[in-house]
Amino acid sequence: MKFTGKIWKFGDNVDTDAIIPARYLTTSDPEVLAAHCMEDADPTFPVKVKKGDIIVAGENFGCGSSREHAPIAIKAAGISCVIARSFARIFYRNAFNMGLTIFESRDLWERVAEGDELTVDGDEGLIWIAKGKESLAVEPIPAFMQELILSGGLMSYLAAKRRSGNGR
Amino acid sequence: MGRTITEKILAAHTTQKGIRTGMLINARVDIALGNDVTAPIAIAEFRKAGGVNVFDKEKVVLVPDHFTPNKDIASAEQCRIVRQFAREQGLTNYFEIGEVGVEHALLPEQGIVLPGDLVIGADSHTCTYGALGAFATGVGSTDLAAAMLTGEAWFKVPESMKFVLHGQLSKWVSGKDLIIYVIGKIGVDGALYRAMEFTGDTVRTLTMADRLTMANMAIEAGAKNGIFAPDETTIAYVKERAKRGYTVYDSDPDATYASVIEVDVTKIEPQVAFPHLPSNARGISSVGNVPIDQVWIGSCTNGRIEDLRVAAKVLKGRRVAPYVRLIVVPATPTIYRQALKEGLIETFLDAKAAVSAPTCGACLGGHMGILAKGERSVATTNRNFVGRMGHPESEVYLANPAVAAASAVLGRLAGPDEL
Ligand code: SF4
């Protein structure tokens with residue numbers, strides 16, 4: 001799994017209300033959620049975000065409620081992956097379960113600016129910055145988790161596995 | 001390099017090699033638990049993914065405890081979904097009203113969770129079972145659906161924080177006070193993602209009830225799990241309940257910890273967590289004058305027989321203050337029956353308490369003791385968030401059963417030594 005994209009940079013404690021405000025929770029339509037993603041943190045985000053862009057954030061990304069709408073909104077906005085110093089525990093689970101790729105990196109935040117481009121190699125466990133001249137190590141994503149993300153989340157992964165006869 | 005008990009249990013449940021903290025693993029679960037709030041969503045997801053049979057009908061456990069006996073039509077519908085599913089799947093561990101108790105009190109009591117197990121539950125207080133030396137953590141309904149289907153769940157191997165407790169407990173001080181004290185020190189995110197491992201000479205003297213209370217509240221410090229290595233007390237508890245084999249793990253002496261925190265328990269007095277966070281801890285001697293409207297004794301934190309005994313000891317020959325309500329909810333039918341046998345229920349009734357059938361009830365603001373605007377309740381539960389037991393402008397003070405009982409008698413927040 002390899003992602004190259006432009007960086008959107010956020011600080012610490014981006015909560016689920018910032019990711020998708022509660023006033024939009026009356027729907028779970030990914031397109032609608034995407035149109036309001038991050039709007040309270042940065043109103044230009046939903047308008048300017050491009051497919052493949054990457055979010056880089058500080059500590060405790062996704063804290064707050066357990067709403068699964070948060071990773072759905074980010075994914076539907078076209079974000080290829082989120083790299084944060086740390087994630088709130090429930091957001092962390094929800095992200096994988098909804099098929100959103102996330103990485104933890106203690107050091108990346110300081111070394112990049114909004115608008116920079118970076119490449120993450122989820123197999124090798126490397127992040128390339130400064131036009132590919134510098135790299136940082138990151139925990140690689142194991143094969144089963146990659147499969148889960150590629151099928152669009154935990155339940156679609158299991159449903160696909162059953163259809164192909166590998167499931168129980 | 002040595003490993004912690006948490007790492008060892010996770011390693012024993014996965015085929016992946018070289019387990020280390022931060023690694024993502026797919027692991028086999030021994031028990032997958034759901035309740036009347038979370039199981040209906042999981043059941044719908046299970047079906048959507050094409051699920052027909054659960055992976056093991058002895059290992060999927062459904063406990064309708066939150067809004068039972070059904071509070072209203074909506075909760076009756078939720079329970080109907082759970083009941084029908086349990087029936088259709090022939091689940092061994094489904095508990096109907098009359099047998100049902102609060103899940104995290106019921107499972108250890110019935111010997112359903114055992115040392116060395118890997119347990120997930122679609123309920124945040126699933127971490128309670130760490131008291132038995134199991135790895136147990138709360139997950140979402142999607143995770144429960146997947147586990148019902150495959151018998152597996154994914155985890156990130158957590159770092160551990162080691163809490164070393166020394167010294168003898170003072171009078172009226174229990175596991176509840178130790179955990180509120182610790183949360184007060186480290187904060188509600190003080191153990192985020194991590195395992196809280198409790199050791200030290202004090203721990204060896206704690207009853208299972210105390211350990212269950214402490215592991216129960218690990219989540220209130222943000223922890224993934226709380227854990228106690230099994231000792232003679234644990235083995236004595238599980239020996240008479242276990243219907244299958246179990247494995248005892250302990251941390252290696254050279255295991256790596258994110259931090260080691262030493263606690264001198266001799267200085268700890270009964271603790272009260274003031275609104276609206278479990279970390280707002282104060283010693284009972286510095287609570288000031290806080291008049292109360294209600295006292296609620298029960299829940300997966302402190303609704304066990306040991307808790308009822310302490311409350312009855314304080315209430316014996318006394319009665320609840322005028323215009324104050326005391327509600328006692330034994331956590332399981334076995335506890336209820338034992339309390340009857342020991343005359344505790346009579347003591348409660350004599351003191352003018354209301355005693356209810358086992359249920360989560362007002363612990364989560366469900367039913368059986370909801371607070372009105374501006375009312376205050378002392379509760380032996382685990383959360384005092386805004387509106388947790390009723391109106392958003394009501395207040396919950398978390399305490400041990402002795403403090404709760406004394407407060408009921410005095411009509412204000414107070415310790416039993418004031419009686
Ligand atoms: S007693 Fe309270 S904390 Fe325990 S499971 Fe029930 S609602 Fe949750």
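Per chain, numbering begins at 1; letters A, B, ... match sequence-line order. Please read these numbers as outputs of a predicted model, since none were measured by experiment.
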**Student:** Report yes if the side chains of A/Met98 and B/Thr142 come closer than 4.5 Å at any heavy-atom pair, otherwise no.
**Tutor:** yes
**Student:** Nearest 0.5 Å, what's the CD1-OG distance between A/Ile90 and B/Ser124?
**Tutor:** 7.5 Å
**Student:** Where do A/Met155 and B/Lys48 land on the side-chain contact (heavy atoms from CB on, under 4.5 Å) test, with the steps shown first?
**Tutor:** CA-CA 8 Å; A/Met155 293 318 284; B/Lys48 243 181 25 209; over 6 Å; no
**Student:** Hey, which residues of residues 101-127 of chain A are touching chain B, say heavy atoms under 4.5 Å apart?
**Tutor:** A/Glu104
**Student:** Does a sphere of radius 6.0 Å around CZ in B/Arg87 hold more than 12 heavy atoms from other residues, nucleotides or ligands, not counting ones at 6.0 Å or beyond?
**Tutor:** no
**Student:** Is B/Arg194 close to chain A through its backbone or its side chain, or both, or neither, when contacts mean heavy atoms under 4.5 Å?
**Tutor:** neither
**Student:** Check whether any side-chain N or O of B/Tyr193 sits under 3.5 Å from a backbone N or O of A/Phe87 as a donor-acceptor pair, and report yes or no.
**Tutor:** yes
**Student:** Taking all non-hydrogen atoms of both residues, which atom of A/Pro142 and which atom of B/Leu24 are closest, and how far apart?
**Tutor:** CG-O, 3.5 Å
**Student:** What residue, out of B/Asn53, B/Leu192, B/Ile25, B/Asp189, has the most heavy-atom pairs lying under 4.5 Å from chain A?
**Tutor:** B/Ile25
**Student:** Quick check for you: to the nearest 0.5 Å, what is the distance between B/Met148 atom CE and A/Leu158 atom CG?
**Tutor:** 11.5 Å
**Student:** With a 4.5 angstrom heavy-atom cut-off, could you sort out which part of A/Asn60 is near chain B: side chain, backbone, both or neither?
**Tutor:** side chain
**Student:** Quick check on B/Lys156 against chain A: is it the side chain, the backbone, both or neither that has a heavy atom closer than 4.5 Å?
**Tutor:** side chain
**Student:** Side chain, backbone, both or neither: which part of A/Tyr157 has a non-hydrogen atom closer than 4.5 Å to chain B?
**Tutor:** neither
**Student:** Centre-to-centre under 6.0 Å for B/Trp154 and A/Phe96, is that the case here?
**Tutor:** yes
**Student:** Nearest 0.5 Å, what's the OG1-CG distance between B/Thr150 and A/Leu154?
**Tutor:** 7.5 Å
